[in-house]
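Heads up: the structure comes next, in structure tokens.
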Amino acid sequence: MKNITLSIPEELIRQGREYAARHGTTLNSLIRMLLKSTVQGNQHSKAKHILDEMKKLKSPLKLTDWSREDLYEE
């Protein structure tokens, strides 16, 4: 497995870690699952739930601008 470096605001990382902990996972697993779901069009219900929750956050990544159709477009 390859490692990558991402630039993410500290506050969003903190929120992501807290969210991941509440859902019994890690930030790394959360990001991996969301990326896989996005690029492979996997409509796994846990990934959809997490993405819906992330959309509710006011983040600089503008996750709220994505529609479900955009994420699962082939």
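The chain is numbered in sequence order, starting from 1. Atom set for the values below is all heavy atoms of this structure, side chains included, hydrogens, waters and symmetry mates excluded.
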**Request:** Identify the residue among L30, N28, L27 that makes a side chain to side chain contact (heavy atoms under 4.5 Å, CB included) with R17.
**Result:**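 That would be L27; it is the only one of L30, N28, L27 passing the side chain to side chain contact (heavy atoms under 4.5 Å, CB included) with R17.
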
Within this structure, what is the [atom1]-[atom2] distance for the pair [X] and [Y], rounded to the nearest 0.5 Å?
X: T25; Y: I31; atom1: OG1; atom2: CD1; value: 10.5 Å
X: M33; Y: H23; atom1: CE; atom2: NE2; value: 9.5 Å
X: Q15; Y: I13; atom1: CD; atom2: CD1; value: 11.0 Å
X: I4; Y: L35; atom1: CD1; atom2: CG; value: 7.0 Å

**Request:** Check the surroundings of atom CD in E10: do more than 12 heavy atoms from other residues, nucleotides or ligands lie under 6.0 Å from it?
**Result:**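 Counting other residues, nucleotides and ligands, CD of E10 stays at 12 neighbours or fewer.
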
**Prompt:** Does the distance from a Lys or Arg side-chain N to an Asp or Glu carboxylate O, for R14 and E18, drop under 4.0 Å?
**Reply:**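 Yes, this pair counts.
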
